[in-house]
Amino acid sequence: MLKIDGLTAGYGQAVILRDVALSAEAGEITVLMGRNGAGKTTLMKCIMGLVKAQAGQILLGDTDLALLPPHRVPGNGVGYVPQGRRLFSELTVAQNIEIGLGAGPRDAATRRETRDEMLELFPRLAERMQQRAGTLSGGEQQMLATARALCLKPKLLLLDEPTEGLQPSMIEAIRQVMVQMRDRGLAVLLVEQRIDAVLGFADRISVIEMGRNAEDFGRDEIAPGEARLRAHLGV
Ligand SMILES: Nc1ncnc2c1ncn2[C@@H]1O[C@H](COP(=O)(O)OP(=O)(O)OP(=O)(O)O)[C@@H](O)[C@H]1O
Ligand SMILES: [Mg+2]
């Protein structure tokens, strides 16, 4: 599904990612791990075209996302839930979902169906449609950001530390949605820093260190590799 190879990128003169490779398969949860500042968010932004690749490929199927302008990326089937949620905080829940739908299917019946599906997935949002997004709790905001990304029916869902700072019940709700999306055949690429949160949950783990690939763990390598994983992350 997603196959990144030889990706080099950064900001101005500062090169942050060097020759990075990463894959994410349909029907799997791939977790990208690394210490603070390793370049995880930068990698997500490269996929979205928000940071330009200086070299390398970001293949989604046959399409090289690295060659597309940012506004063309979501339409190719990539949903993005950025770190820190980035909602339109003055707008209501309903309006935020409407914006998500704006990027997705066009006809009214499909839009309604998609919206209803999101409210089924996140019943807490259904009760708060007229509330301003900025006044939602952290967990509810995360749900709204995820619902917005899912409105366009992505094949690839990117989530950048979606459970940061949330209480356990909210974390569980968001995990369940990730599992559901995986089971529906989406490729889920999750940035997560807490090892306990990914053990028994991730299908594969890729670790980056200072913008370079450090080590990859397949499904059967995660549990036996836990000590090495902890060493990479310094925890
Ligand atoms: N807009 C920017 N301009 C210049 N440097 C940046 C910019 N955004 C990020 N950086 C730098 O790039 C490096 C990687 O940042 P990035 O946000 O990708 O790390 P991260 O792995 O997501 O970290 P965290 O775990 O803290 O979210 C850091 O050194 C950061 O200071
Ligand atoms: Mg980050």
Side-chain angles (χ1 to χ4, degrees), residues 1-26 28-34 36-89 91 96-106 114 141-142 144-162 164 178 181-182 185-192 204 206 208 210-213:
M1 169 78 71
L2 176 72
K3 199 165 179 2
I4 298 176
D5 208 20
L7 177 63
T8 295
Y11 305 93
Q13 298 295 312
V15 178
I16 304 294
L17 300 173
R18 289 179 198 271
D19 197 21
V20 169
L22 179 78
S23 298
E25 301 298 335
E28 289 190 356
I29 294 174
T30 302
V31 181
L32 176 63
M33 303 190 87
N36 291 125
K40 305 179 298 294
T41 296
T42 303
L43 182 50
M44 295 292 215
K45 288 183 177 167
C46 287
I47 298 170
M48 295 311 294
L50 300 170
V51 171
K52 269 287 147 225
Q54 291 162 15
Q57 290 185 318
I58 305 175
L59 290 178
L60 184 70
D62 296 329
T63 308
D64 189 349
L65 300 179
L67 303 177
L68 298 182
H71 69 271
R72 296 268 319 275
V73 175
N76 273 275
V78 190
Y80 178 40
V81 185
Q83 189 170 18
R85 297 155 204 146
R86 306 272 173 70
L87 295 160
F88 296 96
S89 54
L91 301 184
N96 270 277
I97 290 178
E98 206 50 46
I99 288 170
L101 288 170
R106 294 267 167 252
T114 306
Q141 290 192 24
Q142 191 62 52
L144 180 53
T146 308
R148 199 178 57 184
L150 288 172
C151 278
L152 68 115
K153 301 284 169 91
K155 310 183 267 203
L156 170 66
L157 178 63
L158 311 177
L159 300 129
D160 195 345
E161 302 204 43
E164 207 176 6
M178 287 190 271
M181 292 305 130
R182 174 195 56 196
L186 273 72
V188 178
L189 178 58
L190 165 70
V191 173
E192 174 59 69
R204 57 179 80 226
S206 283
I208 57 171
M210 296 174 70
R212 295 176 190 272
N213 287 105

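For the single chain, residues carry numbers from 1 onward in sequence order.
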Problem - P82 vs D160 side-chain heavy atoms within contact, under 4.5 Å - result: no

Practice task
Calculate, to the nearest 0.5 Å, the distance between atoms CG and CG belonging to L156 and L186 respectively.
Solution key: 8.0 Å

Problem - side-chain contact (heavy atoms from CB on, under 4.5 Å) between V191 and L43, worked out - result: CA-CA 10 Å; V191 173; L43 182 50; over 6 Å; no

Handout entry: Spacing of CG belonging to L190 relative to CE belonging to M178, to within rounding of 0.5 Å
Key = 5.0 Å

Problem - Closest contact, heavy atoms only, A53 versus A9 - result: CA-CB, 4.1 Å

Just distance, no hydrogens or angles: give the donor-acceptor pairs under 3.5 Å from side chains in residues 145-152, sequence neighbours left out.
| unit_1 | atom_1 | unit_2 | atom_2 | d |
| --- | --- | --- | --- | --- |
| T146 | OG1 | Q142 | O | 2.7 |
| R148 | NH1 | N96 | OD1 | 3.4 |
| R148 | NH2 | R86 | O | 3.0 |

Handout entry: Polar side-chain atom of K155 near backbone of M1 as donor-acceptor pair, under 3.5 Å
Key = no

Handout entry: Nearest non-hydrogen partners of A26 and G185, listed with the distance
Key = CB-O, 3.4 Å

Fill in the blank from the handout: NZ of K153 to CG of L101, rounded to nearest 0.5 Å, is 9.5 Å

Handout entry: Atom pair CG (L22) and CG (L7), whose distance is rounded to the nearest 0.5 Å
Key = 9.5 Å

Practice task
Sequence neighbours left out, what passes side-chain hydrogen bond (donor to acceptor under 3.5 Å, both in side chains) with Q83? Give chain and number order.
Solution key: T41, E161

Problem - Of all pairs that satisfy side chain to side chain donor-acceptor pair (under 3.5 Å), the ones with a partner from residues 2-17, not counting sequence neighbours - result: Y11-T42

Exercise for the section: Quick one: closest heavy-atom pair of L157 and V81, and the distance? Expected result: CD1-CG2, 4.5 Å

Completion exercise
Sequence neighbours excluded, the answer for salt bridge (Lys or Arg N to Asp or Glu O under 4.0 Å) partners of R18 is none

Handout entry: Stepwise side-chain contact (heavy atoms from CB on, under 4.5 Å) check, I99 with L91
Key = CA-CA 10 Å; I99 288 170; L91 301 184; 3.6 Å; yes

Handout entry: Pairs flagged by side chain to side chain donor-acceptor pair (under 3.5 Å) wherever residues 62-82 is involved - sequence neighbours left out
Key = none

Practice task
Quick one: which residue pairs count as a side chain to side chain donor-acceptor pair (under 3.5 Å) with a foot in residues 44-56, not counting sequence neighbours?
Solution key: none

Practice task
Could I get the full list of side chain to side chain contact (heavy atoms under 4.5 Å, CB included) partners for Q141, not counting sequence neighbours?
Solution key: R85, L87, L136

Practice task
List in chain and number order the residues that pass salt bridge (Lys or Arg N to Asp or Glu O under 4.0 Å) with E192, two or more places apart in sequence or in another chain; answer none if no residue qualifies.
Solution key: R194

Practice task
Measure the shortest side-chain to side-chain distance between I47 and L60 over non-hydrogen atoms and say whether it is less than 4.5 angstrom.
Solution key: no

Handout entry: Side-chain touch K40/I208, heavy atoms, less than 4.5 angstrom
Key = yes

Exercise for the section: Supply the atom-to-atom distance L65 CG to M48 CE, rounded to the nearest 0.5 angstrom. Expected result: 8.5 Å

Practice task
Measure the spacing between CD1 of I29 and CZ of R204 and express it to the nearest 0.5 Å.
Solution key: 12.5 Å

Fill in the blank from the handout: Between T30 and S23 the two heavy atoms that sit nearest each other are CG2-O, 3.6 Å

Exercise for the section: Could you pull out the closest heavy-atom pair between V15 and L17, with the gap in Å? Expected result: CG1-O, 3.6 Å

Fill in the blank from the handout: Closest non-hydrogen contact found for G49 with P70 is O-CG, 3.3 Å

